[in-house]
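To start, the structure itself, in structure tokens.
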Amino acid sequence: MSIPRQPSCDDPVEPELMPVVEAKRRMALMMPPIDDTEVLPTVEAAGRVLANAVTSPMNVPAATNSAMDGYAINSADIPEHGEAQLNVVGEAYAGVTHGDVVPSGSAVRVFTGAVLPKGTDTVVIQEHVEVVATNASQAKASEHGAHGDLGAVRIDHQVQAGRNVRHAGEDLNIGDTVLEAGRQLSAADIGLIASVGIVTVTVTRRLKVAFFSTGDEVQPLDKAICEGLPQGMVYDSNRHTLRALLNALGVEALDFGIVRDTFDDTIRVLKEASEQADVLVTSGGVSAGEADYVTKAFHELGDVSFWKIAMRPGRPLASGRIGDARFFGLPGNPVAVMVCFLAFVQPALKLRMGMKAVEPFAVPATSISAIKKSPGRYEYQRGIATLNKITGVLEVKLTGKQGAGRLSSMSIANCLIVMDDTVNAVNAGDTVTIWPFAGLLP
Ligand code: AMP
Ligand code: MG
């Protein structure tokens, strides 16, 4: 006789597991965007989420101007054959305009960004003219320095009408949408908003996210420094990982410390955190074990859905609400914490922050590792992606052993290899989807 086996995460596919896609759909419903907004100076708004679209109050460029260093001319003066000589009647720099109308048969020396002088419609680059020193200019130059008479230039019939001119409103017209609502403002966005002279922007209120660790074995770092780690204990890593992830996301992270494995402690801290924060994120204590009080406490205080999600790592996940606060109870294993955060919590927080594009950026890569994988569940494995310099192909390999407790695998990795529930085994040479960790721009 053998002992009957209950369903567990040891099974390749358990009955009653919730598919990842379904879990994501339910979480999205739980996370409507917060509707509080605030008005901020543009220069302080990087990382915040636009609540209203930004429209341009001006044309960009504001005035028609020269795209090159050269000579502004009237295209009517371009000769049909051979060459023409034009008197240089003035100069215009970026920020210093030549105000007078330029008469026919004349040119103005212009530099990049200078407003195109009235009466001209074309800029001939300086490399395409022949500068002619007139008698008058030579005489004046010796009297007054170079600024007296500006001489003349010769151009030929190859000059094209309208070249090297940037027209007013070419990039943006008054009233055009510069940025849509729901964007987390990047460095480029801030510059773009500043470039149309907008001083303040309306953004969603900064989300407050409370987080804490659970577990009698979990030791704070301060204690570690004084006394060393007692047997059977682990240093708290999840809380510090979560804080860094939340800071990078641009939310206000509220640290509620380590909560012991008792029902009363868990209730007390959950209550306090749910009064102060919009969202709660906890780690540990959501499995089916005796000492797992988080789900029980969630049940006591609010509406909870506890899901065994068809994924690895990170199968158990509790989510729901206590009053107005939403919560996510993540598993305790450090890798599972990070994977669940990236796959579920971060997109959900982004939705609540008012963002529209919330899913991780996914790209295809060629796996150079063979990867064992059971169908019927998502697997998120730690990978190292590199561009093969010879073939130009983006390749990815596993970091090595993939245990859910091996945080070093996350540290070494520069991407997650995401295999959906339809994928069976991956052979070397197969295309897989990766989520790169690296963000080039803030
Ligand atoms: P649990 O989900 O509470 O059963 O925890 C699963 C595993 O994760 C256990 O080995 C815990 O010791 C470990 N763990 C839980 N919380 C933390 C934490 N804050 N930092 C590091 N490891 C943790
Ligand atoms: Mg625990």
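Note that ligands are numbered from 1 as they come in the structure, with each ligand's atoms numbered from 1 the same way. FYI, side chains are in, hydrogens and waters are out, and symmetry mates aren't considered; it's all heavy atoms of this structure.
Looking only at protein heavy atoms, the nearest one to atom 19 (N) of ligand 1 is Asp236 OD1, 2.8 Å. At the shortest separation from atom 21 (C) of ligand 1 among protein heavy atoms lies Ser237 OG, 3.4 Å. Asn238 ND2, 3.1 Å is the protein heavy atom nearest to atom 18 (C) of ligand 1. Among protein heavy atoms, atom 7 (C) of ligand 1 sits closest to Asn333 OD1, 3.4 Å. Among all non-hydrogen protein atoms, the one lying nearest atom 22 (N) of ligand 1 is Pro334 CG, 3.8 Å. Protein heavy atom at the shortest distance from atom 11 (C) of ligand 1 is Glu217 OE2, 3.0 Å. Looking from atom 14 (N) of ligand 1 to the surrounding protein, the closest heavy atom is Gly332 O, 3.3 Å.
In this structure, a donor-acceptor pair under 3.5 Å is absent between the side chains of Asp176 and Ser56. Judged by distance alone, the side chains of Thr422 and Asp420 do bring a donor and an acceptor atom under 3.5 Å apart. Counted by atom type alone, Ser409 and Arg382 present one or more donor-acceptor pairs between their side chains at under 3.5 Å. Side-chain atoms of Thr241 and Asn238 include no donor-acceptor pair closer than 3.5 Å.
No side-chain heavy atom of Thr55 sits less than 4.5 Å from a side-chain heavy atom of Val178.
Of all atoms in ligand 1, numbered sequentially from 1 with element shown, those under 4.0 Å from a heavy atom of Ser287 are 2 (O). Those atoms of ligand 1 with a heavy atom of Val218 less than 4.0 angstrom away are 16 (N), 17 (C), 19 (N). Against a heavy-atom cut-off of under 4.0 Å, Ser213 is close to the following atoms of ligand 1: 19 (N). Residue Tyr235 has at least one heavy-atom neighbour below 4.0 Å for each of these atoms of ligand 1: 20 (N), 21 (C).
Atom OG of residue Ser305 and atom CE of residue Met27 lie 9.0 Å apart, to the nearest 0.5 angstrom. A distance of 13.0 Å separates CZ of Phe256 from OG of Ser213, quoted to the nearest 0.5 Å.
At a 4.0 Å heavy-atom cut-off, ligand 1 touches Thr214 through the backbone alone.
The side-chain contact (heavy atoms from CB on, under 4.5 Å) test with Ser367 is passed by exactly one of Thr431, Ile417, Leu398, Val426: Val426.
Taking distance alone, with nitrogen or oxygen atoms compared against 3.5 Å, Gly285 approaches ligand 1 more closely than that limit.
Under the 30°/60° scheme for interplanar angles, the aromatic rings of Phe327 and Phe298 are found to lie parallel.
Using a 4.0 angstrom heavy-atom cutoff, Gly215 does not count as in contact with ligand 1. For Val286, the closest heavy-atom approach to ligand 1 does not fall below 4.0 Å. Distances from ligand 1 to the non-hydrogen atoms of Gly289 include no value under 4.0 Å.
For Arg239 and Asp255, the salt-bridge test passes: some basic side-chain N is under 4.0 Å from an acidic carboxylate O.
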